[in-house]
Amino acid sequence: MLGDGAGPGREARRFFSLGSSSAAGPRERTLQAVTCTKDATGYLTTKEQFHKFLEARGQEKLSQETDAGDPDGCDLAEPEAKRIRLEEGQVGDGQTEEAAEPREQPQAQKRARGQNKGRPHMKPNHYDKNKLCPSLVQESATKCFFGDRCRFLHDVGRYLETKPADLGPCCVLFETYGRCPYGVTCRFAGAHLGPEGQNLVQREVAQAPPVRNGLDKALQQQLRKRQVHFERAEQALRQLGKGHLPGPIPPATVPEGAPGQDICDTQQAPLGPGTSPPPGSPVQTCGPLTDEDVVRLRPCEKRQLDINGKLYLAPLTTCGNLPFRRICKRFGADVTCGEMAVCTNLLQGQTSEWALLKRHQCEDIFGVQLEGAFPDTMTKCAELLNRTIEVDFVDINVGCPIDLVYKKGGGCALMNRSAKFQQIVRGMNQVLDVPLTVKIRMGVQERVNLAHRLLPELRDWGAALVTLHGRSREQRYTKLADWQYIEQCVAVASPMPLFGNGDILSYEDANRAMQTGVAGIMIARGALLKPWLFTEIKEQRHWDISSSERLDVLRDFTRFGLEHWGSDTQGVEKTRRFLLEWLSFLCRYVPVGLLERLPQRINERPPYYLGRDYLETLMASQRAADWIRISEMLLGPVPPKFVFLPKHKANAYK
Ligand SMILES: Cc1cc2nc3c(=O)[nH]c(=O)nc-3n(C[C@H](O)[C@H](O)[C@H](O)COP(=O)(O)O)c2cc1C
């Protein structure tokens, strides 16, 4: 029996078997506690007993349960009214599908799906009423433009009187870059403030900025004023409107019949008005011409995406943020993708949407994912991204089940709108210099599979790769992914590579998946439950990771988070919220050493169990208050009146 070794929490050791309940079919096997160590309270099978036991051991009682997590044609243009805004962190797929729907019905009447509605919404500045004016923090800023009307403090002394205590002696930004841009507002400011309160600079910032794909302020202005021209997109859309099915337009367009004529590299071209030369005038060059400039690219000459056999970390709204992806990269993820971005929000220059495109330098094969329902906005957005960001591929989310997206014809709905779907794929493909990939589901309704019919079409439309999530929209996470169907689809997609996605939580799952003939696998919840899964797959082993090693992983996440979101109060609290969202999934991991039979399966619901030490027990708790406690170990005490309810019902097993 595994997990039988001695350890500090020996008396609390539990063993679990992966038995099938008599009523359940082979697919609905549950995790069952088969052995419990007794203490005065008897078998620790209930929450109350579990708490009593902890109390008896002198451990602090785990906090009370919150209600977090219930266990369980030719028209190419997007109508203005249909433009949508997803709330920050709303999922593009997965379990929070109703998060943005209007509340027409009382909560009780609705089917409990995988998201927590009515979450307390905190404004970002909620914690920092006594904020210091940025003009006093930013080194480049000289004076406050708002003068007397500025609502922030201008007296550093007064600010310091109310500023909460430092959270630690070391500032990650100061340590990494030799200076902390948050200066006196940093929650670790003691590490870099001089005797007179001046912000110290240790050394010059030598390395290139690690995060790419930021939104340039000038471009944002132009987007907001709708001054950006989309020449390639418009050309592509014109052709599509006429019923032509064109191939990709080369990055630098050459007027017909004028080979060798001067051209302007669109990558370098300014984006605003006046960027296009007046009609009839020769197109200007920005540098010497290459052969590629003067010869049209054929589809086969587009940049290729060769990720066969690689481990692909799925796009994960809210949870798949840049700090989390850095963690997964360190554990061996090969391919990463940004969280789903709404194309209309990108076209409007929304800062929060553009933040989803950011790429860390460790992300060597990186793509971004777009959601949209109309060829014009999707094609324009593709052109915009082609000119402005560094990516290896662009993915379209045609698996998104959320009603808000679906009802507007996006996400999964595109699988039933093949004319629009085709125009989107062809239009985007035409303006992108990087490969276009598509993520789909089996279909929309449970017993009406569409993927096998769409895959040959997607191949003809020019998709470089498709990922198939082996479930329908209707199914959500209620049943296991259908890998048999994925296997059938491999042949029809060929020679286009097909990645398979669904339920991979161990190297055995990964091996089985690869045996279906897919080009590679995409991992979503498996990475949230145990980001070291990538190592397990690569090293073909189960890793009985200790609770202190897991805490180190979380510590790294908070360091990456502070680097990414900032080390001032706002950055700390943002890091905490994303950590808490992740913890709502992490708690589902059952340590290898406690399992009687390996491996853990993703649809198995772990019972209440005791870990081999206090931390392991705490990490297994499904209570938001215990996740908060873990966050406090890493980021200090939460602000007064802090509340947290996860967006995703991570434990929505069915
Ligand atoms: C929290 C969460 C967020 C997700 N966000 C996205 C997303 O933004 N885009 C997307 O295509 N799929 C998204 N998905 C779906 C996953 O990428 C994946 O297709 C699905 O979870 C099945 O894979 P799994 O069984 O490995 O979890 C999300 C899933 C979860 C659990």
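Note that ligands are numbered from 1 as they come in the structure, with each ligand's atoms numbered from 1 the same way. None of the values given here were measured: they were computed from a predicted structure.
With a heavy-atom cut-off of 4.0 Å, H469 touches ligand 1 through its side chain alone. Using a 4.0 Å cut-off between heavy atoms, T317 contacts ligand 1 through both its backbone and its side chain. At a heavy-atom cutoff of 4.0 Å, ligand 1 is contacted by both the backbone and the side chain of L316. Contact annotation for M340 and ligand 1: heavy atoms of both the backbone and the side chain come within less than 4.0 Å of the ligand.
Residue contacts with ligand 1 include G502, since one or more of its heavy atoms lies under 4.0 Å from the ligand.
R326 places no side-chain N or O within 3.5 Å of a backbone atom of F560 that could act as its donor or acceptor partner. In terms of modelled atom types and a separation under 3.5 Å, the side chain of W354 and the main chain of L346 share a donor-acceptor contact. Side-chain atoms of S506 come within 3.5 Å of backbone N or O of D509 as a donor-acceptor pair. Between the N429 side chain and the A463 main chain, no donor and acceptor come within less than 3.5 Å of each other.
Here is the list of ligand 1 atoms found below 4.0 Å of a heavy atom in D503: 24 (P), 25 (O), 26 (O). The distance from ligand 1 to the heavy atoms of K439 drops below 4.0 Å at these ligand atoms: 10 (C), 11 (O), 12 (N), 15 (C), 16 (C), 17 (O), 18 (C), 19 (O). In summary, the atoms of ligand 1 found under 4.0 Å from a heavy atom of R525, numbered by their order in the structure, are 24 (P), 25 (O), 26 (O), 27 (O), 31 (C).
Residue E363 is tested with K329, R325, R212 for a salt bridge (charged side-chain N to carboxylate O under 4.0 Å, His left out); the sole match is R325.
For the pair R359 and F366, the cation-pi test (distance below 6.0 Å, angle within 45°) is failed.
Nearest-heavy-atom check against atom 6 (C) of ligand 1 across C319, P315, G411 picks out P315.
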